[in-house]
Amino acid sequence: MIRTRFAPSPTGYLHIGGLRTALYNFIFAKKNNGQFILRIEDTDQKRLVRGAAEKIIKSLNSFDINFDEGPNLNEKYGPYYQSKRLYIYHKYCCKLIENKSAYLCYVDDNQNLKPENNIDKSLSIINQQDTKSRFIVKFKVPSIKNFNTFDDLRGKVVFDLSLIDDFIIIKSDGFPTYHFANVVDDHLMKISHVIRGEEWLSSLPKHMLLYNSLEFNLPHFIHLPLLLNPDHSKLSKRQGDVDVDKFIEKGYLKSAVLNFIALLGWHPDNDREIFNILDLIENFSIPRIQKSGSVFDIKKLNWMNSEYIKSMDLDTLFEVSQEFFKKEIDIKNTTKLGKAINFFKQRSSTLLELNDSILPFYSEPNNLKEEVLTYVNEKKSQDILKFYLKSLSIIECFDIELSDRLIKDIAEKFNVKGKEIFFPLRGVLYGSLNGPDLFTIIDILGLDESKRRIEQYIK
RNA sequence: GGCCCGUUCGUCUAGUGGUUAGGACCCAGGGUUUUCAUCUCUGUAACAGGAGUUCGAUUCUCCUACGGGCUACCA
């Protein structure tokens, strides 16, 4: 049985890199009919942020990355909060002390450490029989020159253990460190594949040592390449958004975000680029994961998001756009809104952009930008506006042919180019020089509203 | 500094000894649209460097350079 896990530390929001790690774990498990587990690694009480775990779980679920086991769900190997598993870590810690793989140290007020050589004494202290002693427990790293570790992607990785100091497994507050809790839990939760970020590769020897001393079977280890800023440093907030919720707020579709990050470090054996989560599950494979870090290129995300918007049917697009609609937009008039969305879905890279493009059909273009107003107020523009308005007044049914003919007439009559017709008209009708063609604008606005808007700017 | 990992167009990548080194994003140009965008066509652009191994290296080995990660009672 393939079992993977995502084990975030509840110190903030779900990071885009974390989302990718979760995604890989999830699709790998699902591809193999396995299970995906969520565990909260809250062993650092100082960095804990209230509500962060819930927030992360919510984000994950909203992306349809659903876990089979985790907090409040099929707690078969629970609890799934490490802070609730302290007694378990203590038990395994005792095992390590008993087999001399670890030793207890007293900590004095000056942070000085003094080892306790007596095993029974150490055990009784850990078992709370001596509550006065402040202590930590350290793992004794053997001095092995060539210690082999294995990563499914990179193969054998050799470390010189004489360069690694004994490391703490139980802190003085009684909580385990990541290294220790992680190994104990992955074993107890029967994790078969540990898929995590590359920043953990250097602690792999510590983990393997722990597995050995605890007499646990080793899982597979897969260290994912890092996500990078454009300057190739580790992806961080300083150079753009990393919080997944920020992407959603900006109008990126979850499916597009998932698709995009899936391809950052993984690639199928062909040139296909569009994958929904089911496609990812079907096609994913570990050997095709990249070994080098990948730069998060927002431009490609924009393109991918626009592809997703284009391919959506109107109803779905309407549905997901709802929360982006400004209050001016009349969602009851579905004909008008439908026309507007239909036009702009071909040319928006985010939902926010789509909404911005639609807004001019609903809000008065009463304070036109300087450049637009200047154009509109020119004598030639005013003449065209007047003529166009007059023409619209005698029209009963406005269609695309009529629209084209009208433009040709004006071009001839005033001896002007298309641009000189479009700019003033689009300016007063849509509020900017560039945008949809005149027919589309008038068709969406309606004849009456169009006439009203033109009239407003005629002097 | 030490240890570890990595290195194909600007970016994401295909490629597992013999390819005109392919695709996508970006960018540039053409066409369509009497504007812009969409759409479409075309183009620019890469094997970090040096030694080996081999008839032949992007591909295998080593060295160097560069980049990144780790080096906490943080994960």
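Reminder, nothing fancy here: chain letters follow the sequence lines and each chain counts from 1.
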Chemist: Rounded to the nearest 0.5 Å, what separation is found between the CD1 atom of Ile309(A) and the OG atom of Ser321(A)?
Modeler: 7.5 Å
Chemist: So, do Phe361(A) and Tyr430(A) have ring centers that fall under 6.0 Å from each other?
Modeler: yes
Chemist: Can you tell me the distance, in whole Å, between the CZ atom of Phe260(A) and the C1' atom of C25(B)?
Modeler: 9 Å
Chemist: Pairing check on U34(B): which nucleotide meets the Watson-Crick or G-U wobble criteria with it, both distances under 3.5 Å?
Modeler: none
Chemist: Which value, in whole Å, describes the distance between the C1' atoms of nucleotides G29(B) and C47(B)?
Modeler: 28 Å
Chemist: Scan every strand shown for a Watson-Crick or G-U wobble partner of U7(B), both distances under 3.5 Å, and answer none if you come up empty.
Modeler: A65(B)
Chemist: With salt bridge (charged side-chain N to carboxylate O under 4.0 Å, His left out) as the rule and sequence neighbours excluded, what pairs involving residues 376-388 of chain A come up?
Modeler: Lys379(A)-Asp383(A), Lys380(A)-Glu420(A)
Chemist: Within the 4.5 Å heavy-atom criterion, are Val194(A) and Asn182(A) side-chain neighbours or not?
Modeler: no
Chemist: Just the rounded figure in Å: distance from C1' of G23(B) to CG of Asp269(A).
Modeler: 14 Å
Chemist: Figure out the CZ/P separation between Phe150(A) and C5(B), and round it to whole Å.
Modeler: 13 Å
Chemist: Roughly how far apart are Ile454(A) CD1 and Ile442(A) CD1, rounded to 0.5 Å?
Modeler: 6.0 Å
Chemist: Could I get the full list of ring pair (Phe, Tyr, Trp, His ring centres under 6.0 Å) partners for Phe159(A), not counting sequence neighbours?
Modeler: none
Chemist: Within residues 286-294 of chain A, find the residues that approach RNA chain B with a heavy atom at under 4.0 Å, and present them sorted by residue number.
Modeler: Arg288(A), Gln290(A), Lys291(A), Ser292(A), Gly293(A), Ser294(A)
Chemist: Taking atom P of U11(B) as reference, at what distance in whole Å does atom CZ of Phe296(A) sit?
Modeler: 16 Å
Chemist: Paired with G1(B) by Watson-Crick or G-U wobble geometry, both distances under 3.5 Å: which nucleotide is it?
Modeler: U71(B)
Chemist: Considering Watson-Crick and G-U wobble pairs with both distances under 3.5 Å, what does U58(B) pair with?
Modeler: none
Chemist: For the aromatic rings, using the six-membered ring if either is Trp, is the centroid distance between Tyr211(A) and Phe150(A) under 6.0 Å?
Modeler: no
Chemist: By nearest heavy atom, map Leu263(A) and Leu163(A) onto RNA chain B; which one lands nearer the 5' end?
Modeler: Leu163(A)
Chemist: Which base, if any, makes a Watson-Crick or G-U wobble pair with U19(B), both distances under 3.5 Å?
Modeler: none
Chemist: I'd like the C1' distance from A65(B) over to G50(B), given in whole Å.
Modeler: 10 Å
Chemist: Taking the same atom, P, in G10(B) and in A48(B), what whole-Å distance lies between them?
Modeler: 11 Å
Chemist: Under 4.0 Å, counting only non-hydrogen atoms across every strand here, what does Gly265(A) touch: a base, just sugar-phosphate, or nothing?
Modeler: sugar-phosphate
Chemist: Report, as a single string ordered 5' to 3', how protein heavy atoms within less than 4.0 Å touch nucleotides 68-75 of chain B: B base, S sugar-phosphate only, - not at all.
Modeler: SSS--BBB
Chemist: Among Phe216(A), Phe139(A), Phe180(A), find the residue that satisfies the ring-ring contact (aromatic ring centres under 6.0 Å, His included) test when tested with Tyr92(A).
Modeler: Phe216(A)
Chemist: Using atom C1' in both nucleotides, what's the gap between C25(B) and C9(B) to the nearest angstrom?
Modeler: 12 Å
Chemist: Looking at CG of Leu113(A) and CD1 of Ile136(A), how far apart are the two atoms once the value is rounded to the nearest 0.5 Å?
Modeler: 4.5 Å
Chemist: Just by protein heavy atoms under 4.0 Å, how would nucleotides 41-48 of chain B read 5' to 3' in B, S and -?
Modeler: --------
Chemist: Has the side chain of Arg20(A) got a donor or acceptor atom that lies under 3.5 Å from a matching backbone atom of Leu264(A)?
Modeler: yes
Chemist: What class does the angle between the rings of Phe26(A) and Phe36(A) fall in, given that below 30° is parallel, 30 to 60° is tilted and above 60° is perpendicular?
Modeler: perpendicular
Chemist: Classify the angle between the aromatic ring planes of Phe28(A) and Phe284(A) as parallel (below 30°), tilted (30 to 60°) or perpendicular (above 60°).
Modeler: perpendicular
Chemist: Strictly under 6.0 Å, is that where the ring centroids of Phe414(A) and Phe387(A) end up?
Modeler: yes
Chemist: Can you tell me which residue among Phe275(A), Phe260(A), Tyr24(A) is in a ring-ring contact (aromatic ring centres under 6.0 Å, His included) with Trp266(A)?
Modeler: Phe275(A)
Chemist: Figure out the CG/C1' separation between Leu224(A) and C5(B), and round it to whole Å.
Modeler: 13 Å
Chemist: Hey, does Phe175(A) reach any base, or is it just sugar-phosphate, or nothing, if we go heavy atoms under 4.0 Å?
Modeler: nothing
Chemist: Base, backbone or nothing for each nucleotide of nucleotides 28-39 of chain B, written B, S, -, heavy atoms under 4.0 angstrom, 5' to 3'?
Modeler: ------BBBBSS
Chemist: Output the rounded distance in Å from CG (Asn259(A)) to P (A24(B)).
Modeler: 16 Å
Chemist: Within this structure, what is the NE2-to-C1' distance between His223(A) and C4(B), rounded to whole angstrom?
Modeler: 11 Å
Chemist: Select from Pro230(A) and Val158(A) the residue whose nearest nucleotide in RNA chain B is closer to the 5' end of that strand.
Modeler: Val158(A)
Chemist: Figure out the CG/P separation between Asp151(A) and C5(B), and round it to whole Å.
Modeler: 10 Å
Chemist: So which heavy atom on Asp185(A) is nearest to which on Gln82(A), and how close?
Modeler: OD2-NE2, 2.9 Å
